[in-house]
There are 2 protein chains.
Amino acid sequence: MAPPAAIEVEAVTDTTGVTLPNPLAAPLKSNEIYGRRRKTDKKQWGVAAPSNSAHFRHGSCDHKPKAKRWDNYLSHEATIRKGNSLKEAAKYLATPGIISLGGGLPSSEYFPFEELSVKVPSAGHFSEAETKDSGVVLTAGKHDLAEEKSIFDIATAFNYGQGSGAAQLVRWVTEHTELVHDPPYQDWRCTLSIGSTSALDMSFRLLSRPGDVVLSEEYTFSAAVETALPLGLRVVGVPIDTEGLLPDEMDSILTNWDVNARGCRKPHLLYTVPTGQNPTGATQSAERRAAIYRVCQKHNVIIIEDEPYYFLQMNPYTGPDAPAVPPPTSHADFLHRLVPSYLSMDVDGRVMRLDSFSKVISPGSRVGWVTASEQLVERYQKHADVSTQGPAGPSQLILFKLLDEHWGHAGYLDWLIHIRMEYTRRRDVILAACETHLPKSIVSWKPPSAGMFHWLKIEFKKHPEYPAKDIETLEDQIFMRNIEHGALLMKGSWFYADGNEKHDTLFFRATYAAAPADRIDEAIKRFGEAIREEFGLVGKE
Amino acid sequence: MAPPAAIEVEAVTDTTGVTLPNPLAAPLKSNEIYGRRRKTDKKQWGVAAPSNSAHFRHGSCDHKPKAKRWDNYLSHEATIRKGNSLKEAAKYLATPGIISLGGGLPSSEYFPFEELSVKVPSAGHFSEAETKDSGVVLTAGKHDLAEEKSIFDIATAFNYGQGSGAAQLVRWVTEHTELVHDPPYQDWRCTLSIGSTSALDMSFRLLSRPGDVVLSEEYTFSAAVETALPLGLRVVGVPIDTEGLLPDEMDSILTNWDVNARGCRKPHLLYTVPTGQNPTGATQSAERRAAIYRVCQKHNVIIIEDEPYYFLQMNPYTGPDAPAVPPPTSHADFLHRLVPSYLSMDVDGRVMRLDSFSKVISPGSRVGWVTASEQLVERYQKHADVSTQGPAGPSQLILFKLLDEHWGHAGYLDWLIHIRMEYTRRRDVILAACETHLPKSIVSWKPPSAGMFHWLKIEFKKHPEYPAKDIETLEDQIFMRNIEHGALLMKGSWFYADGNEKHDTLFFRATYAAAPADRIDEAIKRFGEAIREEFGLVGKE
């Protein structure tokens, strides 16, 4: 493999006005990552070999503070879970000359797969058409590891693995995390997840007990609520503005928490999607994040930072007639334009960050990763060992071939820039359609700067049937009118953090991620017609 | 694709002496399965399309009884879990001409995969060497579904899916289940799992509450115990003989259950590995299963039938000098030689059967399936939707290409016969080694008829230091002596169902699944030396 191209990184000036750890403060080139990779301990690439992300970091962490301990927040389940007794045997496997009739692993002789290949884009030629014409075929053989052709192969990836995932891919996500976030505490670790849906379920089971309240944006990812409720948790919504969650409101909820009135202990978990939040599309600024982090410090709250859309940050919207902002000029420029993550400012080790390949590679891979303190990651892995196990081997192998052996870190950043520009283009399509087709007296919005969602506010009090009909009835009426016109947008009420709370706002959510440009325009046009009919504007404008 | 070869099935005579529903009573040919597949509803193959295994069954179930309801056994979590509110929107997607800006699914345009290929054996030429030389390359394109080249492709498999798994593979496992087990009740369903480790975790979370006791073999799969304990469950071991769990002992435990003395309600869950049990290698006979099923009916117990080794049933062992039993002569002969499953005798819908591809295709696929009553499967799927989701797309796509499009049901049965004969050969190697190298006065065993494990009983009371040293100390001493001699076998005590109970037996577990024949022989030889040293037999025989 040729080494990937250098990432040009220069020292950058903090323009946010707040003091945040800067992931680019120490220049790091992606080819340096490869140059600085430690001498390979071949055992870690073997079948079901243990891996530890601490072995894959490059920067020294010795000067950084250690993470706080979270013993008081661990669930009963997480506290009493023990390791696998059979792993006691594993330490003897290193005995020279030993023959093991111990582990019940099937022989790869009986895996009916000799080769696995994927055709993927070359770095810089990312479109579907280019991939079809000039894509590269990456092939994993069955015994590439034994034959020293690669450090990962079918015999390894298709056998049992550890709950942490394979060291080959753990190394890659650890390097990527250090490159992008450089967490400012000593004992951070990465572990693979089978996607953030599972990682959130496991995080709740790790850090809560029935009766607890989780804080979140007042409109939030509905599946997160549906994950929480069966565990006996409640979700309490924190008021938001167009930048997302309001720190003062959160502080006020926590400061005034009345254990008796609320019937449960003070919340110690914040679930937030800081970037391109689902459903509101809101992105918290760096200042907003710093303020929320301070509130979490004050009340000792753990932050579950769910970030599927982090790399769907787009170029700023300049309006329908202004010239577009040019793409990032370098990897450094690209990384510098990203809003800093909670992980990057986490001096306490209070962030459990959930990353996912779902929105930037493919959801069906079912591969993501969790970054948190060693204590939490160790408990998470123990749970994975007896539930999800690590991600599926074919997924891990495909991602390793693509990300590590083919693109490298630099090529992956190129891909992410490609995705950034594609989503910018799509977002601009829906904004232009809204400008053209929607009545501004009724529908308003803020251009999203990240994610997949456009959040449309409806002045429901201007509806001719208001207040005779309540907000839910009007929302349903508009939803159905829109269906009649041949367009489907999501009801805002489906995203209430707490369905029992009264709400005084009405929104619809539209995604620009899936449909082609002309269909997006047509759907928004139909939505405009439906709104006009509902609000009695037909022929009046 | 050429249709797969017919499975010759004939009516078979019940030789077990007990009346069991016979999966081969109604002749079923695997090419008939394809001939009888229903007219394709194309929508079910689409991105994240719902699937229902009931649509994929061939035999009429109308005359069969319906499953019992298990409302009283469902956990609080399972009872209160609701469906995804966003799915309300899905029903409008069928509106003609509708444009959806609803679901937040990424466009497949941004999946960097144009083709996925695997090289696999042709049916009948299954060895690694043959696959290398004459294997067939199966290729899935990105848009094969839209281009009508296949019903499954990258654009579908690599996008989000349902917790049930993709209809394409649900169909295949449903047909396979009907062919092999033909459950004798009406409303049985299959749903994909991400492997039986997760399926067991989810089954416990579905059917138990903290404080409950689960019954199991007194020596059991240690990971099952480690899954149960953190959930607040206890595992109580039922005494076993060489055929596994003893029905009278189980009946006695349940009949005499003293709620006050035990501190919890009477058990309603049996966790069992009926075939090639881990660690004992025991296989319950058809009569034994029927008797245990009757005990479960009497006490209204749900059976979690964990069957990773079902198709690792081997030819009978004829001893070192007798001629080997010939391989099955036909698919019908092969299926008839299999011991009937609990699922095949489950007139009540009280069996939750966990199947897995781990031991017969590859563990790293992380694909298995659950067969149970509609009620239980529906709750399982709802949980999967907000935790594991379905299996990884690449795994599902690879298995579909191999099992459905390439081998077909008949080719897969050929593969299973191949695996049967390979494990028979391996089992015979370890038995020959034991005959040659182990002192019979100290070590005894029963030839395993299924699975991966050989279970060696040690007459620890003949140890010169007994009773001065207790059983655990002697076990550890033998274990370490064996390590000194360069062989690793597993301690039986690692598999206690209940570590707090006193045990009066000492075993070691050896697997013949992984090492080559000469290494198995050498390891058993070393074990024999260690035993001789420990028991003071050196130079005495």
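Lettering of chains follows the sequences in order, A, B, ..., and the numbering in each one begins at 1.
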If we define contacts as heavy-atom pairs under 4.5 Å, which of A:Thr388, A:Thr131, A:Leu489 has the most with chain B? A:Thr388

Honestly, the part of B:His383 sitting under 4.5 Å from a heavy atom of chain A is side chain

Salt bridge present between B:Lys132 and B:Glu128 (N-O < 4.0 angstrom): no

Students often mix this up, so state it plainly: with edges at 30° and 60°, are the rings of A:Phe126 and A:His418 parallel, tilted or perpendicular? tilted

Please look at A:Lys142 and chain B and tell me whether the side chain, the backbone, both or neither of the residue comes under 4.5 angstrom of a heavy atom of that chain. side chain

Which atoms of B:Asn278 come close to chain A, meaning under 4.5 Å heavy atom to heavy atom: side chain ones, backbone ones, both, or neither? neither

Measure distances from B:Ser358 to the heavy atoms of chain A and classify the residue's part below 4.5 Å as side chain, backbone, both or neither. both

Interface moiety of B:Ser100 toward chain A, non-hydrogen atoms closer than 4.5 Å: both

Which atoms of A:Leu116 come close to chain B, meaning under 4.5 Å heavy atom to heavy atom: side chain ones, backbone ones, both, or neither? both

Out of A:Ala513, A:Gly135, A:Ser387, which one racks up the most heavy-atom pairs below 4.5 Å with chain B? A:Ser387

Using 30° and 60° as the class limits, which term best fits the ring planes of B:Trp407 and B:Tyr412: parallel, tilted or perpendicular? parallel

With sequence neighbours excluded, give me every side chain to side chain donor-acceptor pair (under 3.5 Å) pair touching residues 389-399 of chain A. A:Gln389-B:Thr197

Please classify the contact of A:Phe527 with chain B as side chain, backbone, both or neither, using a heavy-atom distance under 4.5 Å. neither

Under the criterion ring pair (Phe, Tyr, Trp, His ring centres under 6.0 Å), which of B:Tyr110, B:Phe111, B:Phe113 is the partner of B:Phe158? B:Phe113

Give a yes or no on whether a salt bridge exists between B:Glu422 and B:Arg426, defined as a side-chain N under 4.0 angstrom from a carboxylate O. no

If one checks every heavy atom of A:Ile520 against chain B at 4.5 Å, the contacting part turns out to be both

